[in-house]
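Proteins get letters first, then strands, A, B, ... in listed order; numbering begins at 1 in each.
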Protein chains: 2
Amino acid sequence: MVTLYDVARQAGVSTATVSRVVHGQDRVRDSTRLRVNQVIEQLGYVPDGAAQSLSRRRKEIIGFVCVESHSRQYDVENMNLLYYDEVMRGVGAGISDRGWSLLITYVNGEDERDFPRLQALTGKVDGILIGQSVVPSPLLARLAERVPVVVIAGAPGDSAADVVTADNRSGSAALVTHLIEVHGRRRLFHVDGPAGVADAKERRLGMERVLRAHPDCTLIGSYQGQFSVQSGEEAGQSMLAQHGSALPDAVVCGNDQMAIGVLQALTAAGIRVPWDMALVGFDDIYPGGLSEPPLTTVHQPMRLLGERACIRLLDRIARPGLRRRVEVLPTELVLRSSCGCPPGTVTREPVKPVRGSRLTSRAGSASADPARQSGLPRPRPSRARTS
Amino acid sequence: MVTLYDVARQAGVSTATVSRVVHGQDRVRDSTRLRVNQVIEQLGYVPDGAAQSLSRRRKEIIGFVCVESHSRQYDVENMNLLYYDEVMRGVGAGISDRGWSLLITYVNGEDERDFPRLQALTGKVDGILIGQSVVPSPLLARLAERVPVVVIAGAPGDSAADVVTADNRSGSAALVTHLIEVHGRRRLFHVDGPAGVADAKERRLGMERVLRAHPDCTLIGSYQGQFSVQSGEEAGQSMLAQHGSALPDAVVCGNDQMAIGVLQALTAAGIRVPWDMALVGFDDIYPGGLSEPPLTTVHQPMRLLGERACIRLLDRIARPGLRRRVEVLPTELVLRSSCGCPPGTVTREPVKPVRGSRLTSRAGSASADPARQSGLPRPRPSRARTS
DNA sequence: CTGTTAGCGCCTTCAA
DNA sequence: TTGAAGGCGCTAACAG
């Protein structure tokens, strides 16, 4: 392995000088720089990451925690994996510009067994990015004692760490408003997500807010699903059984998977969506656009979530004293035809934040890059060869 | 930050002893071990990864290179991202059992600009995993000079590095054999992948081999596509234009995306698949099961590819002298109805290797874990607390 | 502009 | 069974 010493010796300078040349910042005489660069090239020197980390007291690595998927088969349930991937790419983009790296850790989602691995992770990175539902709050708090942690796509409320999330509440409100005001729906049925899941709760709150503003509309019933297609199908069947005599004119689902399940149940029962009943989901997963009718839903800016979370984390690493903050990103209404819009409709429109959605003025504006006003390291050339 | 020294001082022992306790291997008196563990717990000591790496001369990190996706919108083109993700999970599984980590690097796929980043990567990891088409051969060779490199899902021939890939040739042969022997198709049209792409070539070879074995069958024409839906559609149109008077009775596509494109063109022209013409793809992407008719195709064991590649890489890191090797994993034939099988068919059957597919006897057998016979580090407890 | 010199936190012989 | 001590490769004062 070629070290800084080898280069220094060969070039007849000190290691400090080589280091300066490698980082291209301090002033070095042009002739010296040239000579050193030649030797670097010739020897094929590449700095050792571990030594750099140790010496700088900064690893320039951030950890990203994923859930291990147990299913080996692709199906619609797994489609949100794509979103995971998209978030990760957002993070990747935000990070590699600055020359930092991304260290992936898979957890099983079983608190006990995950902890040692996550704890060890804190010794290998400068900060951690986590999907809300992946790591339970108490565990999160323990990690956050060691390194900065930013939670992606979670509840804007109850975490010990910074949060970057989408505006589920406003998205849901916009969706239900559309159903009521554009399509004149009045009798809604709600298929909720699992109890205690932040996203589900926010979406429910969004719907309820709209309902309160429209006293002529009623929620004729609801069903608690598990965010899975299967549970959506059960929800649909249950609804048909209980409200068969007086069906709702719209079904609002906590996510797209459940909406697809409901659609299956309705289709099996000979109910035609959207004529007999409108149906909407949330998340904008890919197969939602393929169903018959295509699903109206709400899109989250996954990639942006990743980028913002990354920026926030880097910022906090640079300035640990920062006040904890929640950033809520805007969503988009995706109109297709399951809501009653004409067949062939494919419209995306930005959702304006409702009050209480905690969407700050900063949050929506991509230009307000906190990194720009902080001590955060900016992108730098990996090796300056200016001669 | 709590260091080994802090623990040593607090426990009244030397750092060497603490180190021994942390790794739970050397013999330490039980009472000492107990005391040290208590202090570790109390102080919340977590070893510093960079220092460990530097001291051990091994980082216990492997690099995984991904292509940055430029499109911001999900569509069928992006579905192979899912496979990427799946490969990565395979790698993750293989690696984290052993306590190693995965460092992700995104590249743009533009040789020039990618090189510095990849070169820097070699200083941060012990080995690199790469998708064949992602990094061009010459660049690969340069990286392989520095650290072990394993290429996933590529040509079993021309690389400077180890390769773990799927048996494209046999899969394709099985598919075409099915078309001919089960469904009696005789006049084939081929939609090829891009020139120079290894997968495409292997698949073509598989088809040609079968054709040679069936002199009564003819390849009436072919079209070179780009692996995209768009190019598939063009292929379909071109085929209709050129062979409109005497259509083929089956179209064999280099991948599922192109098959979907062809299907669109055929449907638009009023041709009914599979009655008028059979159609098959390759890869088994998710939307292929959703089309009308559902697509018959070949499935690659992505997750297994990841796992095997990972094992291979770890093995090579442990024993750098190893002979270069290509491992070819078996595929599965996925029978749905676009080939002529009855509607509702969903069958998966293993593909037997054809001669020349370079599928070694070892390769197919998951039990032949090279790690087991080598100096490869086995999983170890992250911290022994046996008292 | 350039060189000297302490470390960074941990592992690992070598002695005791 | 334990301790002492010398690196691992690089960075960053501090001097010149």
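- One can place CG of L4(A) at 13 Å from C1' of dG3(C), the figure rounded to the nearest angstrom.
- At a threshold of 4.5 Å between non-hydrogen side-chain atoms, the residues R117(A) and T105(A) count as touching.
- dG9(C) atom P lies 23 Å from atom CZ of R58(B), rounded to whole Å.
- The side chain of S14(A) contributes an N or O atom lying less than 4.0 Å from OP1 or OP2 of dG3(C).
- Across the protein-nucleic acid pair, E60(A) atom CD and dG9(D) atom P stand 20 Å apart, rounded to whole Å.
- Contact annotation: T17(B) reaches the phosphate of dG3(D) (side-chain N/O to OP1 or OP2, under 4.0 Å).
- Note on Y5(A): every side-chain N or O is 4.0 Å or more away from OP1 and OP2 of dG3(C).
- For a distance-only test at 3.5 Å, the side chain of R20(B) qualifies as a donor-acceptor partner of the base of dG3(D).
- Between T15(B) and dA4(D) there is no side-chain N or O to OP1 or OP2 distance below 4.0 Å.
- Put simply, T32(B) has a side-chain N or O that comes within less than 4.0 Å of OP1 or OP2 on dT2(D).
- Residues D48(A) and K124(B) are not paired through a salt bridge, judged by the lack of any N-O separation under 4.0 Å between the basic side chain and the carboxylate.
- Side-chain N/O atoms of Q52(B) include none lying less than 4.0 angstrom from OP1 or OP2 on dG9(C).
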Quick one, D162(B) with V151(B), criterion side-chain contact (heavy atoms from CB on, under 4.5 Å). Give me CA distance, side-chain angles, the key distance, then yes/no. CA-CA 6 Å; D162(B) 284 322; V151(B) 170; over 6 Å; no
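- Of all heavy-atom pairs spanning L129(A) and A309(A), the tightest one is CD1-O, 3.9 Å.
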